[in-house]
Amino acid sequence: MPPPVVCPEDSPHPEPPATPRPCLQRIDQALLDQLSAQASQAPRRRRNHNLHQLPDRVQRFLNGLQPGTYVRPHRHRRDGDGSGFECFVVLQGAIGLLVLDASGDVIQRERLEASGPLKGIELAEGQFHTLVALSPDAVMFELKQGPYQPASDKDFLLQFPAEGTPEAVLQEQAWRRLFEADDEAED
């Protein structure tokens, strides 16, 4: 494969990006396999591959998830109406999306699957949600408003356990069982 061609910097950012921006970023099976392997080795059981630069006004990235990863329920809020949306499209495997109310009760459950009838979803601003890896090597494309601000990116539901705790492991297993029960009911 030839080396990537770097585009001339024509963005309105005050400083050029730390790494040159390629004109073309391929999302191919080799990248999905690499991301899945990295996620399986990561302590969090997931890994991002950013297509955007951190100061970009739109975040675009691949998120590789393995069963057992725990995503603490959260929502996104941004300045400007509707700018806290989040869009997911599953490229490989299956991922469960749970939408919760402010008390932490599941109010909607969606199975997103690369080979299934529902492949993606756009979640409106302010919706508490979590994700559950329903298959090994699941990868999704995410799109949301930027720039990424680590201190304020997520508003967590504090009644759920913090990541990395034994309670988080049990919570993730309980959420995964919700989808397994759906699978058994269809058989």
Side-chain angles (χ1 to χ4, degrees), residues 27-29 31-51 58-77 82 84-145 153-157 159-165 167-187:
I27 301 172
D28 58 14
Q29 192 60 50
L31 177 59
L32 301 184
D33 291 345
Q34 177 187 18
L35 186 59
S36 294
Q38 291 171 349
S40 69
Q41 298 300 312
R44 299 174 75 200
R45 309 280 298 148
R46 68 180 183 269
R47 178 73 60 157
N48 284 359
H49 175 84
N50 289 348
L51 301 168
V58 177
Q59 297 175 51
R60 307 164 311 281
F61 57 98
L62 302 178
N63 195 345
L65 299 99
Q66 297 290 349
T69 190
Y70 173 73
V71 179
R72 191 176 192 185
H74 63 280
R75 64 182 172 186
H76 301 280
R77 297 213 169 198
F85 76 93
E86 194 165 13
C87 186
F88 308 109
V89 178
V90 175
L91 303 176
Q92 178 172 280
I95 295 171
L97 169 71
L98 296 173
V99 180
L100 303 100
D101 62 19
S103 63
D105 294 324
V106 174
I107 57 173
Q108 191 165 350
R109 180 173 48 210
E110 298 287 349
R111 182 185 185 96
L112 310 173
E113 192 166 6
S115 63
L118 181 61
K119 298 172 185 333
I121 204 159
E122 182 177 284
L123 190 62
E125 178 174 23
Q127 300 297 300
F128 285 108
H129 63 284
T130 187
L131 299 166
V132 182
L134 301 177
S135 69
D137 303 332
V139 179
M140 66 182 181
F141 172 76
E142 289 191 45
L143 177 75
K144 60 185 173 179
Q145 190 70 36
D153 182 62
K154 294 179 180 79
D155 177 20
F156 291 105
L157 275 175
Q159 64 265 45
F160 286 94
E163 194 173 325
T165 63
E167 295 82 10
V169 171
L170 296 174
Q171 183 63 69
E172 184 278 335
Q173 291 170 350
W175 286 332
R176 198 159 4 119
R177 280 194 299 273
L178 292 174
F179 290 95
E180 291 167 358
D182 287 347
D183 293 343
E184 291 170 5
E186 290 178 8
D187 290 340

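- Scanning both residues, A162 and A168, for their nearest heavy atoms gives O-CB, 3.4 Å.
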Show, in sequence, the C-alpha distance, side-chain angles and deciding distance for I95 and F179, and conclude whether the side-chain contact (heavy atoms from CB on, under 4.5 Å) test is met. CA-CA 10 Å; I95 295 171; F179 290 95; over 6 Å; no
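- In this structure Q108 satisfies the side chain to side chain contact (heavy atoms under 4.5 Å, CB included) test together with V99, E110, sequence neighbours excluded.
- Side-chain contact between Q29 and L32: present, with at least one pair of heavy atoms (C-beta onward) separated by less than 4.5 Å.
- Between E172 and R45, no side-chain nitrogen of the basic residue sits less than 4.0 Å from a carboxylate oxygen of the acidic one, so the salt-bridge criterion is not met.
- Nearest heavy-atom pair across L98 and L100 is O-CD1, 3.6 Å.
- Annotation: side-chain hydrogen bond (donor to acceptor under 3.5 Å, both in side chains) contacts of H129 (sequence neighbours excluded): H74, E86.
- Within the 3.5 Å criterion, the main-chain N or O of D137 finds a donor-acceptor partner in the side chain of Q92.
- Taken from CG in L91 to CG in L62, the straight-line distance is 6.5 Å, to the nearest 0.5 Å.
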Please table the atom pairs, donor to acceptor, closer than 3.5 Å between any side-chain atom in residues 112-121 and protein atoms at least two apart or in another chain.
unit_1	atom_1	unit_2	atom_2	d
E113	OE1	R111	NE	3.2
K119	NZ	A114	O	2.8
K119	NZ	G116	O	2.7

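- Looking at Q59, its side chain does come within 3.5 Å of a backbone N or O of Q145 through a donor-acceptor pair.
- Note: N63 CG to M140 CE = 4.5 Å, rounded to the nearest 0.5 Å.
- Residues passing the side chain to side chain contact (heavy atoms under 4.5 Å, CB included) test with Q159, sequence neighbours excluded: L157.
- When the salt bridge (charged side-chain N to carboxylate O under 4.0 Å, His left out) test is applied to R177, no partner is found at least two apart in sequence or on another chain.
- Every residue meeting the side chain to side chain contact (heavy atoms under 4.5 Å, CB included) condition with Q171, not counting sequence neighbours, appears here in chain and number order: Y70, F160, P161, A174, W175.
- Summarising the geometry of A39 relative to G64, their closest heavy-atom pair is CB-O, 3.6 Å, with the distance given to 0.1 Å.
- A 4.5 Å side-chain heavy-atom check between R46 and V71 finds at least one atom pair inside the cut-off.
- Closest non-hydrogen pair, A94 versus S135, comes out as N-OG, 2.9 Å.
- For the salt bridge (charged side-chain N to carboxylate O under 4.0 Å, His left out) condition, the pairs that include at least one residue of residues 60-75, sequence neighbours left out, are D56-R60, R75-D155.
- Distance CD1/I27 to CG/L51: 5.0 Å, rounded to 0.5 Å.
- Contact of the V132 side chain with the L178 side chain is not registered, since no non-hydrogen atoms from C-beta on lie closer than 4.5 Å.
- For the side-chain hydrogen bond (donor to acceptor under 3.5 Å, both in side chains) test, no residue two or more places apart in sequence or in another chain qualifies with N48.
- Taking the side-chain hydrogen bond (donor to acceptor under 3.5 Å, both in side chains) definition, one finds that T130 meets it with nothing, sequence neighbours left out.
- Partners of A124 under the side chain to side chain contact (heavy atoms under 4.5 Å, CB included) rule, at least two apart in sequence or in another chain, are Q127.
- Side chain of T69 to main chain of Q66: no donor-acceptor pair is present (N/O by atom type, distance under 3.5 Å, no hydrogens or angles).
- Across V139 and S36, no two heavy atoms sit closer than the pair CG2-OG, 3.6 Å.
- Applying the salt bridge (charged side-chain N to carboxylate O under 4.0 Å, His left out) definition to pairs two or more places apart or across chains, those involving residues 89-109 are R109-D182.
- The line from CD of E125 to CZ of F85 is 10.0 Å long, rounded to the nearest 0.5 Å.
- Considering only residues two or more places apart in sequence or on other chains, Q41 meets the side-chain hydrogen bond (donor to acceptor under 3.5 Å, both in side chains) condition with none of them.
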